Amino acid sequence: MLAALFAVGLLATSCGGGTSEADQVKDFALDFATKVSKNQVDSVRALYADAAKCDSFAVTFVHDSVTVTETETPGTYKVSLGAADFTVKRAEDGKMSVVESHGLAAYPADALDFAKKTGQWKDGLNDAEQAVRMADKDFRTQVVAAFPKAFAKMLMVKGGLEVVKPCDGPAMMAVGTLGANVVSTCDKAISGSDYEVVFKGMSVGYWGEQPLTTSEPGKDIAPNGSAMVTTDFSVHADYNSAYVNIKISNDELFNKYFTPTGKEYDEYLAGKTEEKK
């Protein structure tokens, strides 16, 4: 009889009878967190339905520092890994799953940096909610496409052309210098190699008058500064206007000079709402 009781007790222990529910949850949590840390996408999604909205996972944690706390909802536990957390739900049959998380989804560093600076990333949302916002690839495309028009208002020729040097020399060969004042309201230094100034006017000769266009290299401009870009003129070639022409691509322009306000994503969503009306 004693041997039989011992066997029953041993069986109960081997079946988990001697393990508390909290311990079982912690074992599950450590196993799940390990799968997340190894970016085992399929395994994570098998235990966490909303993980289907996330493409990649990453987390760093110390086993001994993991805490498991039962919430006010019976059978539901909050697991803290330090910088990340998730909620475990334990069904009546003992089956466990993850129902919510924060800080488990992983994103490329540049994409995350852009999202946080433009408001695409919103503090307080769980991983599934963040993933929906982060999956909106049209947002960055639209912001990049709109930036050249905004930048054109930050770097432009202000005022009329100035005579820097009057015409000098024999009457029909006299040459002078005209200047265009390029003003920047950008909070970053502008590289002269990124733009040019196009002067427009008329060419006069025995062939009559013809439109004339000349481009001159840009000059470096300090943040919120200005620079005078000049070109030669004569009685045969005179100019009456000038404008800035950007020489780099839209992506290069954006990456170099864009300064986010943090409201870009909200403005983007508002614009989409207006389009639907």
Side-chain angles (χ1 to χ4, degrees), residues 110 113-114 117-118 138-265 267-268 270-272 274-275:
D110 57 343
D113 180 65
F114 173 78
K117 289 179 178 178
T118 58
D138 289 340
F139 169 56
R140 183 184 176 92
T141 299
Q142 185 167 312
V143 173
V144 172
F147 185 63
K149 185 175 181 180
F151 188 75
K153 297 178 181 179
M154 291 190 278
L155 185 69
M156 57 194 306
V157 173
K158 290 290 184 72
L161 299 183
E162 301 179 23
V163 177
V164 178
K165 179 183 177 183
C167 283
D168 185 31
M172 299 305 292
M173 299 178 63
V175 176
T177 303
L178 287 176
N181 188 31
V182 182
V183 178
S184 170
T185 57
C186 181
D187 59 2
K188 297 180 180 179
I190 305 295
S191 298
S193 58
D194 292 343
Y195 75 97
E196 62 186 2
V197 176
V198 180
F199 292 83
K200 300 191 71 175
M202 298 296 295
S203 174
V204 181
Y206 65 87
W207 55 83
E209 293 185 349
Q210 291 186 357
L212 178 65
T213 300
T214 298
S215 298
E216 299 290 353
K219 293 182 178 180
D220 293 346
I221 303 178
N224 297 298
S226 64
M228 183 70 72
V229 176
T230 62
T231 193
D232 291 339
F233 76 102
S234 69
V235 294
H236 299 293
D238 197 10
Y239 302 93
N240 51 40
S241 65
Y243 64 88
V244 171
N245 179 54
I246 302 301
K247 296 173 63 178
I248 57 179
S249 70
N250 287 356
D251 281 336
E252 291 174 315
L253 184 72
F254 179 83
N255 291 334
K256 195 168 184 178
Y257 298 112
F258 175 70
T259 299
T261 64
K263 299 178 181 179
E264 284 81 6
Y265 195 69
E267 293 168 353
Y268 163 77
K272 292 180 68 173
E274 285 297 319
E275 290 176 3

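Please read all numbers here as calculations on a predicted model, not as lab measurements.
How far CG of Asn245 is from CD of Glu196: 4.5 Å, rounded to the nearest 0.5 Å. Asn181 CG to Glu162 CD: the interatomic distance, rounded to the nearest 0.5 Å, is 6.0 Å. In this structure, the separation between OG on Ser249 and CG on Asn255 is 8.0 Å, given to the nearest 0.5 Å. To the nearest 0.5 Å, atom CZ of residue Arg140 and atom OH of residue Tyr265 are 14.5 Å apart. Note that the OG atom of Ser215 and the NZ atom of Lys247 stand 8.5 Å from one another [nearest 0.5 Å]. Distance CG/Leu161 to NZ/Lys200: 12.5 Å, rounded to 0.5 Å.
One N or O on the side chain of Thr261 and one on the backbone of Lys263 form a donor-acceptor pair closer than 3.5 Å. No donor-acceptor distance shorter than 3.5 angstrom exists from the side chain of Tyr195 to the backbone of Pro217, with no hydrogens or angles considered. Between the Asp238 side chain and the Met202 main chain, no donor and acceptor come within less than 3.5 Å of each other. Although no hydrogens or angles enter the test, the distance criterion places a donor-acceptor pair under 3.5 Å between the side chain of Glu264 and the main chain of Gly262.
The shortest distance between side-chain heavy atoms of Tyr239 and Leu212 falls below 4.5 Å. Proximity of Cys186 to Leu155: side-chain heavy atoms (C-beta onward) are nowhere separated by under 4.5 Å. Contact annotation: the side chain of Thr118 never approaches that of Val143 to less than 4.5 Å [non-hydrogen atoms, C-beta and beyond].
Among residues two or more places apart in sequence or in another chain, the salt bridge (Lys or Arg N to Asp or Glu O under 4.0 Å) test is passed with Lys117 by Asp113. Partners of Lys256 according to the salt bridge (Lys or Arg N to Asp or Glu O under 4.0 Å) rule, which considers only residues two or more places apart in sequence or in another chain, are Asp194.
Exactly one of Val198, Val182, Val183 qualifies for a side chain to side chain contact (heavy atoms under 4.5 Å, CB included) with Val157. That residue is Val182.
Aromatic ring orientation, Phe258 versus Phe114: tilted (interplanar angle from 30° to 60°).
The two atoms that bring Val197 and Ala242 nearest to each other are CG1-CB, 3.9 Å, heavy atoms only. Between Cys167 and Ser234, the closest heavy-atom pair is SG-CA, 4.3 Å.
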Extract all donor-acceptor atom pairs below 3.5 Å that involve side chains of residues 226-233 and protein atoms in other chains or at least two apart in sequence.
{"from": "Thr231", "atom 1": "OG1", "to": "Glu216", "atom 2": "OE2", "distance (Å)": "2.7"}

